[in-house]
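See structure below.
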Amino acid sequence: MSRTYARNALRTTALAGTAVLTAALTACSGGGSGSSSGDAGQDGKAKPETRISVNLTGKQAKPGGPVKVTLADGRLTRVTVTDSKGATLDGEVSADGRSWTSARNAAPGTGYTVEARDANGGTAKADFATAAPEKVNKLNLAPGKNTTVGIAQPLSIVFDHPVKNKAAVEKALKVTTSNSTEGSWGWMQDWSGKDRIDWRPKEYWKPGTEVALEARLNGVDSGPDGGWFVRDYVTGFTIGKNQVVKVDLDNHRLKLMRDGQLVKDIPMSAGTPGGEKASWRGKTVLMSKEGTINMRSETVGLGDAYDKMVDYSMRLTWSGMYAHAAPWNAGHMGSANRSSGCIGMTDADAKWVYDQVQVGDPFEVEGDDAKGTQAVNNGYGEWNLSWAEWQTKSALR
């Protein structure tokens, strides 16, 4: 289920300016070592003192920016920045060799050790720590890790707290696929009211595609009222069979297509047209297979119309539209829409469909007997937008 995340601005600030480390680089020659400020080289002349500076200092340094190490004289050859858990920050030495900048930001509430080496073999070491976050943002990922899903399943992230810095967060999200599938992120407010971002391919996935997400969010600030992210996230899933469920509201039929071929044509009865009991039309996505559940009309704003235990329940929207067994409505299946918004089938047909479909399979619902098109955030409704419309929802376009 959807969730969102974001952050409060930290009240602590970094110490002003760039503090020069007093630890001199140590030059090694022969079998001994000594301070570079007084060492003599092989020519017998004293080496000049070599010093570095780090832009983050003390125990309450401001997080959220890169670490920059600068050499006073000479050339840097290597810089290692290690956090308190043993992880290192990648980075690059500048072309002139005078500085090194980390590729990632310093995370909040983290201690770091900086070790530098210059072209003469000298080394220096320094420590700093960033201020702890006042608020931490977390997230929920769908689909689950190492799952196999249908060809319409988006990658969906819901945050615990608001995300105002959407571009910074989106930049930290990297999707890779086994066949270079084209796709784009899109922001929305989830049905729960939380911030959400989905990654949708341009067209339905190809079966067998392997998908991976690397969310390098540690040290990213969500923005006001959101908080900091304090960890990275990784997940991956595989695309299964090429299946599409086609629902014809006007002719009261449900068809399961596999690899473009009809597998089975089933009579059904959908929502009663002309009011709130009508079904949604559009390209929706099977969100979950929930089995036998208690359905109560008051939970979807329909008063006390029903309170039933319903078998073979397949969720299509957050607002309560399902495909499921509806033996009480058997007299209308194939001839009229008389349900309270769901797609009802006989017990036998619902069981068959339930056994065949995968989470992530598209249900393409067409017909005039509908109350409108499913909203983009009511489950996974992004397929009801054109590719151009979907791309405009990215914070990076």
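Counted by atom type alone, His252 and Asn337 present one or more donor-acceptor pairs between their side chains at under 3.5 Å. Under 3.5 Å, the side chains of Asn329 and Ser339 contain no donor-acceptor pair of N or O atoms. Of the N and O atoms on the side chains of Thr284 and Gln374, at least one donor lies less than 3.5 Å from an acceptor on the other residue. With hydrogens and angles left out, the side-chain atoms of Glu214 and Tyr233 include no donor and acceptor closer than 3.5 Å. Between the side chains of Ser99 and Ser94, a donor-acceptor pair is found at a separation under 3.5 Å.
One finds the OG atom of Ser279 at 5.5 Å from the CG atom of Leu249 (value rounded to the nearest 0.5 Å). Considering CZ of Arg196 and CH2 of Trp187, their distance stands at 12.0 Å, rounded to 0.5 Å. Put simply, CD on Glu382 and CZ on Arg200 are 7.0 Å apart, with the number rounded to the nearest 0.5 Å. Here the CE atom belonging to Met257 is positioned 11.5 Å from the CD atom belonging to Gln243, to the nearest 0.5 angstrom. Taking CG of Leu254 as the start and OG of Ser269 as the end, the distance is 12.0 Å to the nearest 0.5 Å. Put simply, CZ on Phe363 and CG on Leu316 are 5.5 Å apart, with the number rounded to the nearest 0.5 Å.
Using a 4.5 Å heavy-atom cutoff, the side chains of Ser222 and Lys166 are not in contact. When side chains are defined from C-beta on, Lys68 does not count as touching Trp100, because their heavy atoms never get closer than 4.5 Å. No side-chain heavy atom of Asp361 sits less than 4.5 Å from a side-chain heavy atom of Ile151. Met295 is listed as a side-chain neighbour of Ser313, based on a closest heavy-atom distance under 4.5 Å. Side-chain contact between Arg258 and Lys241 is present, with heavy atoms from C-beta onward closer than 4.5 Å. Counting only heavy atoms from C-beta outward, the side chains of Lys125 and Thr123 never approach each other to under 4.5 Å. Contact annotation: the side chain of Pro108 never approaches that of Phe229 to less than 4.5 Å [non-hydrogen atoms, C-beta and beyond]. At least one side-chain heavy atom of Arg216 sits under 4.5 Å from a side-chain heavy atom of Arg104.
Glu290 has a carboxylate O that lies under 4.0 Å from a charged side-chain N of Arg315, or vice versa, which qualifies the two as a salt bridge.
At least one donor-acceptor pair under 3.5 Å links the side chain of Ser178 to the backbone N or O of Glu210. Under a 3.5 Å cut-off, the side chain of Asp248 and the backbone N or O of Asn251 do form a donor-acceptor pair. A side-chain donor-acceptor contact under 3.5 Å links Asp118 to the backbone of Asn120. Counting only distance, with no hydrogens or angles, the side chain of Asn242 and the backbone of Gly260 share no donor-acceptor pair below 3.5 Å. The closest donor-acceptor contact from the side chain of Asn165 to the backbone of Ala168 lies at 3.5 Å or more, if one exists at all. Between the side chain of Lys283 and the main chain of Asn384, no donor-acceptor pair closer than 3.5 Å is present. The backbone N or O of Ala107 sits less than 3.5 Å from a side-chain atom of Tyr112, completing a donor-acceptor pair. Side-chain atoms of Asp232 come within 3.5 Å of backbone atoms of Leu217 as a donor-acceptor pair (strictly under, hydrogens ignored). In this structure, Glu170 contributes its side chain and Ala395 its backbone to a donor-acceptor pair below 3.5 Å. Of the possible polar contacts, none joining the Arg338 side chain to the His332 backbone as a donor-acceptor pair under 3.5 Å is found.
Both Val353 and Ile343 are members of a single hydrophobic cluster when ILVMFWY side chains are connected at heavy-atom separations under 4.5 Å. Under the 4.5 Å side-chain heavy-atom criterion for ILVMFWY residues, no single connected hydrophobic cluster contains both Val247 and Val310. Note on Val245 and Tyr380: separate hydrophobic clusters, where clusters join Ile, Leu, Val, Met, Phe, Trp and Tyr whose side-chain heavy atoms are under 4.5 Å apart, directly or indirectly. Transitive grouping of hydrophobic side chains (ILVMFWY, heavy atoms separated by less than 4.5 Å) keeps Val211 and Leu286 in distinct clusters. Cluster membership for Phe237 and Val285, using ILVMFWY side-chain heavy atoms within less than 4.5 angstrom, is shared.
Under a cutoff of 6.0 Å and an axis angle of 45°, Lys371 and Trp280 form a cation-pi pair.
Under the side chain to side chain contact (heavy atoms under 4.5 Å, CB included) rule, Trp352 has a single partner from Asp347, Leu256, Thr346, which is Leu256. Each of Val69, Thr70, Val67, Thr101 was checked for a side chain to side chain contact (heavy atoms under 4.5 Å, CB included) with Asn55, and the lone residue meeting it is Val67.
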Applying side-chain contact (heavy atoms from CB on, under 4.5 Å) to Val234 and Lys145, what does each step give before you reach the verdict?
CA-CA 8 Å; Val234 294; Lys145 191 174 184 179; 4.2 Å; yes
Begin with the C-alpha distance, continue with both residues' side-chain angles, and end with the deciding distance and a verdict on side-chain contact (heavy atoms from CB on, under 4.5 Å) for Val169 and Ile197.
CA-CA 10 Å; Val169 170; Ile197 186 171; 5.8 Å; no
I'd like to know whether Leu213 forms a side-chain contact (heavy atoms from CB on, under 4.5 Å) with Ile157, so could you lay out the CA-CA distance, the side-chain angles of the two residues, the decisive distance to 0.1 Å, and finally the verdict.
CA-CA 11 Å; Leu213 168 69; Ile157 304 175; 4.0 Å; yes
side-chain contact (heavy atoms from CB on, under 4.5 Å) between Trp318 and Met287, intermediate numbers included:
CA-CA 9 Å; Trp318 284 125; Met287 300 172 66; 3.2 Å; yes
For side chain to side chain donor-acceptor pair (under 3.5 Å), just list the numbers for Thr110 and Asp83, CA-CA rounded to whole Å, side-chain angles, deciding distance to a tenth of an Å, and then say yes or no.
CA-CA 7 Å; Thr110 305; Asp83 68 22; over 6 Å; no
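For the pair Leu76 and Ala116, the tightest heavy-atom approach, listed with the atom from each and the gap, is CD2-CB, 4.1 Å. Closest of all the heavy-atom pairs between Thr181 and Thr209 is OG1-CG2, 3.9 Å. Of all the heavy atoms in Ala325 and Tyr312, the pair that sits closest is CB-CD1, 4.0 Å. Across Arg253 and Met268, no two heavy atoms sit closer than the pair N-CE, 3.6 Å. Scanning both residues, Cys342 and Gly320, for their nearest heavy atoms gives SG-O, 3.6 Å. Nearest heavy-atom pair, Met345 versus Ile266, reported as atom, atom and distance to 0.1 Å: CG-CG2, 4.1 Å.
Counted within 6.0 Å of NZ on Lys174, heavy atoms from surrounding residues, nucleotides or ligands total 12 or fewer; the atom is thus considered open. Annotation: Lys255, atom NZ; neighbour count of heavy atoms from other residues, nucleotides and ligands within 6.0 Å does not exceed 12. Within 6.0 Å of the CG atom in Asp368, the count of heavy atoms belonging to other residues, nucleotides or ligands does not exceed 12. More than 12 heavy atoms of other shown residues, nucleotides or ligands fall within 6.0 angstrom of atom NZ in Lys289. Residue-environment remark: CD (Glu92) stays at or below the threshold of 12 foreign heavy atoms within 6.0 Å. Remark: Glu182 CD is packed, more than 12 non-hydrogen atoms of other residues, nucleotides or ligands lying under 6.0 Å away.
Checked against the 6.0 Å centroid threshold, Trp199 and Trp205 count as a close aromatic pair.
Between Trp383 and Tyr204, the angle of the ring planes goes over 60°, which puts this pair in the perpendicular group of the 30/60° scheme.
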